[in-house]
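To start, the structure under review is shown below, and the notes come after it.
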Amino acid sequence: MTPAGRHHAPELRAAARHLGRRRFLTVTGAAAALAFATNLPTAGAASAAELDARKINKDPFTLGVASGDPLPGSVLLWTRLAPSPYEPGSGLPNERVTVQWELAHDARFRRIARRGSVTAHPEFNHSVHVEVDHLDAGRTYYFRFKAGQWISDTGRTRTAPATGSKVSALTLAAVSCQAYHDGYYTPYKHLAEDDVDVVFHLGDYLYEYAVNAVGGARNYTDRTLPALYNRETQTLEDYRLRYALYKSDPDLRAAHAAHPFVVTWDDHETENNYAGDLDENGNPPAEFLIRRAAAYRAYWENLPLRSPQRPSGPDLQLYRRVKWGRLAQFDILDTRQYRSDQAYGDKAHVPGPETDDPARTITGATQERWLIDGWRRSQALWNVVPQQVTFSERRLDLNAEAKLSMDAWDGYRASRQRVLDGAKSTGIENLMVLTGDVHVGYAFDIKESFDDQSSRNVGTEIVATSIASGKDGAEKPANWETYTKANPHMKFYNGRRGYVTVALGTESARADFKTVSAVTTPGAPITTAASFVTESGDPGLKPA
C-alpha cells in the first residue's frame with residue numbers, strides 16, 4: 001500500500017469521533033456516520049427535487065447498461081446516469097431524474113415484453129436497479145433505457161430456466177481482477193463476443209490504488225485522466241469516481257451489455273486484504289467501517305444487484321443463490337465481510353494452531369450454515385460455488401512442511417474442513433468451486449485429504465485468471481515448476497490474462513482457459529491455453 005493510504009482520510013476520522021465506536025458499531029449508527037462523512041441526506045430520496053430530463057444536454061449513459069442475477073421469471077436491469085463521469089456528481093445536480101426502460105423479445109424493440117419508468121435518485125448517484133418480473137423462464141430479452149432525448153445502448157439478458165426443469169446445458173464464464181492501471185480490458189472484448197449464458201465475476205472489480213494521468217500501464221497518449229484519480233479511494237465520492245473510470249471502458253461495457261453478470265467482491269473493492277472490520281494497516285475499526293460503508297454503497301450503486309443486496313451502513317448481504325433448473329445450483333459466497341483476521345500476520349506460513357483453530361472462520365457461522373443447508377435441499381446435478389480466494393491447498397514451496405497463503409482457505413483450514421464435511425454429509429453431486437484473486441489460471445482436483453494425494457477426489461476447482469491485474473503475465477511464471485511439483489492435485493497453471501468458460505452438461509463439464517498474449521497494448525487475440533473435462537459422478541480433471 002502507498003504511504004498515503006496508511007491512514008484514513010480526515011472525513012473518516014471526523015465521523016468516527018462524531019459518533020464514537022459504540023454507537024457506530026450498529027447498523028443505524030453506521031448509516032448515520034456514512035451520512036456525516038459524505039453529506040448524504042438521511043431523510044431519503046423523497047426530499048430531492050425533480051430534474052426535467054429534457055434539460056440533460058450530454059449523453060448520460062456513458063457507463064453503459066448491465067443486467068444480473070437471472071431468475072426463472074425475472075431479470076435485474078442496471079444503468080447509471082453520468083453525463084460527465086469523471087467529475088464529482090457526474091455532471092448532474094442533486095435532483096432526481098425519471099428514466100424510462102424497455103424490455104423486448106427482439107433487438108429492434110418491435111415486440112415489447114415490458115416497459116416502465118424508474119427514478120434515478122441523487123442519493124444513489126443516479127443509479128437505477130429495475131427488477132422486471134412476470135417474464136417467461138429460459139428466454140433471451142433485450143433492454144434499453146431513455147432519459148430525455150437520450151437512449152442508452154442495447155443490452156441483452158436472459159431469464160433462468162424454470163425451477164425444477166430439466167436443462168441439458170449451460171455455459172458460464174468466470175472473470176476476476178480488473179486493475180484498470182495494469183492494462184486494457186481486451187479479454188472483455190472477446191468475452192462480449194463469446195457464446196455464454198451468464199458471467200460470474202469473482203471479485204476485485206475495482207482497485208483502490210491510484211491511477212495516474214496516463215492510466216498506468218495503459219500509457220495513454222490520446223487523453224489525460226484527472227488528477228483526482230491519482231490517490232487511493234477512501235471516501236464515497238472516491239469510490240464512485242473510480243467506478244466511473246472503470247465502467248467507462250468500452251470493452252467492459254460491451255461485456256455487460258452482452259451477458260447477465262452475477263457478481264461477488266473480494267478485497268480491493270474496499271481495501272487490500274481486509275478481514276471483517278479490520279484493515280491491513282491497523283487503523284481503528286470505527287474508521288475502517290465508515291470506509292467500508294462507503295465502498296459497499298458504491299459497489300451496490302454500480303453493479304447489477306437486486307434490492308436484497310442494498311447495503312445498510314457497513315453491512316451488505318452478498319451471499320445468495322442462483323439456480324439453473326435442475327442442472328446447476330450456484331451458491332455465491334462472500335469470504336471478506338465475515339472472516340476472522342488472517343493467521344500469523346497474513347504472511348506465508350506453515351500450518352499451525354491458528355490455521356486449524358475451529359473458532360476461526362472465512363465465511364462466518366451464518367453463511368456457513370446457509371451454504372450447507374442449501375446443499376441439503378439441492379436437487380441440482382452440479383453444485384457450483386463461485387467465491388473469491390483459492391479453496392484447494394496450494395503449497396508455496398517444496399519443503400516437507402510447506403508454507404501456505406494465510407489469505408486463502410489454506411489460512412482457515414478448519415473452516416474449509418467444515419465445508420467439505422458438509423458437502424459429504426449432504427451427499428451433493430459434483431461439487432465445483434469457481435475462484436479468482438490470484439491473477440493466474442489454475443485447475444485443481446479437490447482432495448478428501450490434501451495430505452494424502454492418493455485420497456479420493458471430492459470435487460474440482462477452476463481458478464479464473466485476471467482480466468488485467470498483474471499486467472501481461474507469463475505462460476509459465478517463475479514459480480511454475482515449484483508449484484506444479486509441490487501440488488500434484490494442481491492440473492493446470494498459466495499466468496496470462498483472460499477468462500475461463502465452463503460448459504455444464506448432463507454427462508460432464510468442460511473448462512476452457514482462454515488467454516491473451518498482452519493487455520499493456522490493446523487488441524491481442526484470444527487463444528485457448530488448455531481444456532479439461534470432469535465427468536458427472538467422477539470428480540477429477542482430465543485433459544480434453
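Position 1 is the first residue of the sequence, and the numbers go up from there.
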Side-chain ion pair, Arg291 and Glu232, N-O less than 4.0 Å: yes
Phe444 and Tyr442 aromatic ring geometry - parallel, tilted or perpendicular at 30°/60° bounds: tilted
salt_bridge(Arg394, Asp410) N-O dist < 4.0 Å: no
Criterion side-chain contact (heavy atoms from CB on, under 4.5 Å) on Trp370 and Thr363, from CA distance to verdict: CA-CA 10 Å; Trp370 168 87; Thr363 61; over 6 Å; no
Parallel, tilted or perpendicular: rings of Tyr274 and Phe288 (30°, 60°): tilted
Expected output: side-chain Ser340 to main-chain Arg360 donor-acceptor under 3.5 Å: no
By salt bridge (charged side-chain N to carboxylate O under 4.0 Å, His left out) - contacts of Asp334 (at least two apart): none
cation_pi(Arg242, Tyr207) dist<6.0 Å, angle<=45: no
Check: Thr435/Glu461 side-chain N/O donor and acceptor closer than 3.5 Å: yes
Donor-acceptor pair, side chain of Tyr184 and main chain of Arg218, under 3.5 angstrom: yes
Atom pair CG/NE2 of Leu172 and His259 - distance to nearest 0.5 Å: 11.5 Å
Check against side-chain contact (heavy atoms from CB on, under 4.5 Å), Leu191 and Val175: CA-CA 10 Å; Leu191 178 55; Val175 299; 3.8 Å; yes
Quiz item: cation-pi between Arg240 and Phe124, 6.0 Å / 45°: no
Non-hydrogen atoms of Thr62 and Pro83 that approach each other most closely: CG2-O, 4.3 Å
Carboxylate-amine/guanidinium proximity below 4.0 Å for Arg321 and Asp373: no
CZ/Arg310: more than 12 non-hydrogen atoms of other groups inside 6.0 Å: no
N-O pairing of Arg292 and Asp277 below 4.0 Å: no
Donor-acceptor pair between Asn273 and Glu280 side chains, under 3.5 angstrom: no
Minimum side-chain heavy-atom gap Leu225-Val211 below 4.5 Å: yes
Any side-chain heavy-atom pair of Tyr412 and Arg418 under 4.5 Å: no
Beyond-backbone contact of Thr366 with Tyr319, side-chain heavy atoms, under 4.5 angstrom: yes
Distance in Å, Met432 CE paired with Phe330 CZ, rounded so as to fall on 0.5 Å steps: 9.0 Å
Arg413 side chain reached by Phe450 side chain, heavy atoms, under 4.5 Å: no
Side-chain H-bond candidate by donor/acceptor type, His201 with Gln178, under 3.5 Å: yes
N/O donor-acceptor pair under 3.5 Å between Ser90 side chain and Leu92 backbone: no
Expected output: side-chain Glu208 to main-chain Asn272 donor-acceptor under 3.5 Å: yes
Backbone of Ala359 reached by a side-chain donor or acceptor of Asp357 within 3.5 Å: yes
Aromatic ring proximity Tyr229/Tyr86, centre distance under 6.0 Å: yes
Nearest heavy atoms of Pro260 and Asp197, plus distance in Å: CG-O, 3.4 Å
Minimum-distance pair of heavy atoms, taken over all atoms of Glu269 and Tyr205: OE2-N, 2.8 Å
Ion pair check, Arg416 and Asp356, cut-off under 4.0 Å: no
Distance, nearest 0.5 Å, that separates OG1 of Thr264 from CD of Gln387: 9.0 Å
Note: Glu301-Arg80 ion pair, threshold 4.0 Å (strictly below): no
Close side-chain approach of Asp331 to Trp375, heavy-atom, < 4.5 Å: yes
Considering all heavy atoms, the nearest Pro187-Val519 contact: CD-CG1, 4.1 Å
Side-chain donor-acceptor contact under 3.5 Å, Ser307 with Glu131: yes
Pairwise distance CG(Asp69) to CZ(Phe261) - rounded to 0.5 angstrom: 12.5 Å
Note, Pro70 side chain near Trp324 side chain (heavy atom, < 4.5 Å): yes
Steps toward side-chain contact (heavy atoms from CB on, under 4.5 Å) verdict (Ser248, Leu63): CA-CA 5 Å; Ser248 65; Leu63 307 183; 4.3 Å; yes
No-hydrogen, no-angle side-chain donor-acceptor test under 3.5 Å, Asp437 and Gln388: no
Test side-chain hydrogen bond (donor to acceptor under 3.5 Å, both in side chains) applied to Ser74 and Arg306, step by step: CA-CA 11 Å; Ser74 175; Arg306 293 179 177 270; 3.1 Å; yes
Side chain Thr119, main chain Val99, donor-acceptor under 3.5 Å: no
Derivation and outcome, ring-ring contact (aromatic ring centres under 6.0 Å, His included), residues Tyr209 and His268: CA-CA 9 Å; Tyr209 301 137; His268 288 289; 5.3 Å; yes
Residues Arg339 and Ser415: side-chain donor-acceptor under 3.5 angstrom: no
Stepwise side-chain contact (heavy atoms from CB on, under 4.5 Å) check, Leu318 with Ile332: CA-CA 8 Å; Leu318 197 56; Ile332 300 102; 5.7 Å; no
Any side-chain heavy-atom pair of Tyr299 and Tyr239 under 4.5 Å: no
Nearest atoms (heavy-atom pairs only) where Leu77 meets Ser67: CD2-CB, 4.2 Å
Leu289 side, atom CG; Asp279 side, atom CG - distance, nearest 0.5 Å: 10.0 Å
Closest contact, heavy atoms only, Ala464 versus Ala174: CB-O, 3.5 Å
Any side-chain heavy-atom pair of Thr520 and Arg497 under 4.5 Å: no
Spacing of CZ belonging to Phe391 relative to CH2 belonging to Trp409, to within rounding of 0.5 Å: 5.5 Å
Under 3.5 Å: donor-acceptor pair, side chain of His129, backbone of Trp300: yes
